[in-house]
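Here is the structure we will look at, set down as structure tokens.
Naming convention: chains lettered A, B, ... in sequence-line order (proteins, then strands); numbering from 1 in each chain.
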2 protein chains.
Amino acid sequence: MASPPQTARSERTRAALRKAATVRFLAQGVEATSAEEIAADAGVTLRTFYRHFASKHDLLFADYDSGLQWFRKALAERPADENVIASVQAAIFAFPYDVDAVTQIANLRVDALDPSRIVQHMRQVQSDFAHALLDHLRRRHPDAVERGDELDLTVAARSITAAVFAAMEVWLHAPVRSLPELARLSREATALLEPTFRHY
Amino acid sequence: MASPPQTARSERTRAALRKAATVRFLAQGVEATSAEEIAADAGVTLRTFYRHFASKHDLLFADYDSGLQWFRKALAERPADENVIASVQAAIFAFPYDVDAVTQIANLRVDALDPSRIVQHMRQVQSDFAHALLDHLRRRHPDAVERGDELDLTVAARSITAAVFAAMEVWLHAPVRSLPELARLSREATALLEPTFRHY
DNA sequence: CGATGTTTCGTCACTATTGACGAAACGTGA
DNA sequence: TCACGTTTCGTCAATAGTGACGAAACATCG
């Protein structure tokens, strides 16, 4: 379904769909735009639309994948003797937040969007984040893997991830919702688990 | 949409749908059964089906809600001076696993079911579990709430939950998949976080 | 029992998503 | 440039899930 771009042709189609979607979304809002309209604007069939994007909402989070890749790389580039918590904090801080993109999304009338969709997507992101972190842990601690410490590694990856997303949730409900504030909350949240996973 | 039962009539309809679904699911498998068939068997329209269940798969996890309620109650009934980790462990241990139900589900050809559905549902369950735990923490520690320790409470609830589900994941990949083994893993997983959240 | 307010249903119409299959567009070597 | 294998599309046909609106079924009060 959500097949990754193979040829130049499909890349063109994807670009056309993306552009058409952006225009429509901005003009009439996400929920008020049908997949059919987007496809028509891009000059392809509805079926073709679904060959490039798993769902209408996938277009909204289209660049998410690159964000995850970025995170994986950032983790991989951390010094070998640094513990997980410090690495995660550093990776989060270095994340290249695109303010323009954020502003753009805000204009997309996301508020008029089915909240459950957003929530589902966030859960997916969290899950992917946890997997990335688990991979990182496994690579950094082959000894633990050898020893069969699956449970410890999994708990570490998942609970650290949980802390990061807990910070995000608190931030969403906070009065001051600035990037520095989010960073502060993330740092504080992960710091709580530092003593427990200091050894990783 | 997924409106909770209001009158006796709707309760009858729900029961009919449930029964029809069970029969079909058992006979031909979940994915091979259409919502329309279920509705027809129950003597109602497709639209009515969706008035009682948000989705076809909701029928599969129909009794899940009661499980969550049970968990909330179990937490509430723990002694006031017990810390969260201990309470969670106790609640999990006391859970009335219904072996028959598990067996039944196994027969439902769940394997032939879209895995992403199961995964999504598990994530939903995890989220609800975390909320229940957060509620519990707030009730048990009004002082922390007063103090504005939102972050600490949220991180605690979420990471403890993460540990429980991490145990579940490890269990799923383990060679011996028995209930006692799951209990052991859960206990061990949550124990890792005990020092961090001992104060709750 | 009959009038009335509330719930539950059925009907209609529409968007979202996906499988199957054949036609058109591309890229490549002869 | 032409034939051939591959990828991308279009067409057809289903199922899933929802909003709107009016009719039927129920529960209540007089």
Side-chain angles (χ1 to χ4, degrees), chain A residues 1-18 20-21 24-25 27-62 109 112-121 124, chain B residues 1-18 20-21 24-25 27-62 109 112-121 124:
Chain A
M1 291 109 245
S3 52
Q6 302 290 37
T7 73
R9 189 191 184 190
S10 96
E11 199 41 61
R12 255 179 282 135
T13 306
R14 290 172 76 86
L17 285 169
R18 251 193 268 265
R24 287 278 187 180
F25 284 171
Q28 52 197 226
V30 177
E31 293 302 304
T33 302
S34 74
E36 202 164 11
E37 288 175 314
I38 300 173
D41 287 359
V44 297
T45 324
L46 181 61
R47 192 65 188 81
T48 293
F49 171 101
Y50 283 106
R51 284 209 182 81
H52 293 277
F53 299 94
S55 82
K56 193 175 79 176
H57 299 81
D58 253 39
L59 278 162
L60 265 183
F61 313 106
R109 305 191 196 175
L113 198 157
D114 181 358
S116 74
R117 295 287 186 158
I118 308 269
V119 171
Q120 287 218 327
H121 188 259
Q124 174 70 57
Chain B
M1 285 104 254
S3 53
Q6 302 289 35
T7 72
R9 191 191 184 191
S10 94
E11 199 41 62
R12 256 178 283 135
T13 306
R14 292 173 75 86
L17 285 169
R18 253 193 267 265
R24 287 278 187 178
F25 284 170
Q28 55 198 223
V30 178
E31 294 303 304
T33 303
S34 74
E36 202 163 11
E37 288 176 314
I38 300 173
D41 287 359
V44 298
T45 326
L46 180 61
R47 191 66 188 82
T48 293
F49 172 102
Y50 283 108
R51 282 208 184 82
H52 293 276
F53 299 94
S55 80
K56 194 177 77 177
H57 299 81
D58 254 38
L59 278 163
L60 264 183
F61 313 107
R109 306 191 193 174
L113 200 157
D114 182 358
S116 74
R117 295 288 185 158
I118 309 268
V119 171
Q120 286 215 331
H121 188 259
Q124 174 70 55

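- When all heavy atoms are compared, the tightest approach of B/A35 to B/Y50 is CB-OH, 3.6 Å.
- The B/T7 side chain lies nearest to C/dT8 when the options are C/dG10, D/dC9, C/dT8.
- No donor-acceptor pair under 3.5 Å is formed between the side chain of A/T45 and the backbone N or O of A/T48.
- B/E31 and B/H57 form a side-chain donor-acceptor contact under 3.5 Å, judged by distance and modelled atom types alone.
- For the pair B/R9 CZ and C/dG10 C1', the computed distance is 11 Å after rounding to whole Å.
- Remark: C1' of C/dC9 and CG of B/L17 are 12 Å apart, rounded to the nearest angstrom.
- In this structure, the CD atom of B/E37 is 14 Å from the P atom of D/dG17, given to the nearest Å.
- Across all non-hydrogen atoms, the minimal contact from B/L59 to B/A21 is CD1-CB, 3.6 Å.
- With rounding to whole Å, A/R12 atom CZ is found 12 Å from C/dG27 atom C1'.
- Within the 4.0 Å cut-off from OP1 or OP2 of D/dG10, at least one side-chain nitrogen or oxygen of A/T45 is found.
- Closest approach to the A/R51 side chain among C/dT8, D/dG10, D/dT8 is made by D/dG10 (side chain taken as heavy atoms from C-beta onward).
- Taking the ring axis of B/F53 as reference, the NZ or CZ atom of B/R18 does not stay both within 45° of it and closer than 6.0 Å to the ring centre.
- Per the geometry, CZ belonging to A/F53 stands 16 Å off C1' belonging to D/dC9, to the nearest Å.
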Pick out the pairs of N or O atoms, protein on one side and nucleotides 15-17 of chain C on the other, that lie under 3.5 Å.
| from | atom 1 | to | atom 2 | distance (Å) |
| --- | --- | --- | --- | --- |
| C/dA16 | OP1 | A/K56 | NZ | 2.8 |
| C/dA16 | OP2 | A/A35 | N | 2.9 |
| C/dT17 | OP2 | A/Y50 | OH | 2.7 |
| C/dT17 | OP2 | A/K56 | N | 3.2 |

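- At least one side-chain nitrogen or oxygen of B/H52 sits closer than 4.0 Å to the OP1 or OP2 atom of C/dC9.
- The listed nucleotides are C/dC21, C/dG19, C/dT8; the one nearest the side chain of A/R47 is C/dG19.
- Without hydrogens or angle criteria, B/K56 side chain to B/T33 main chain gives a donor-acceptor distance under 3.5 Å.
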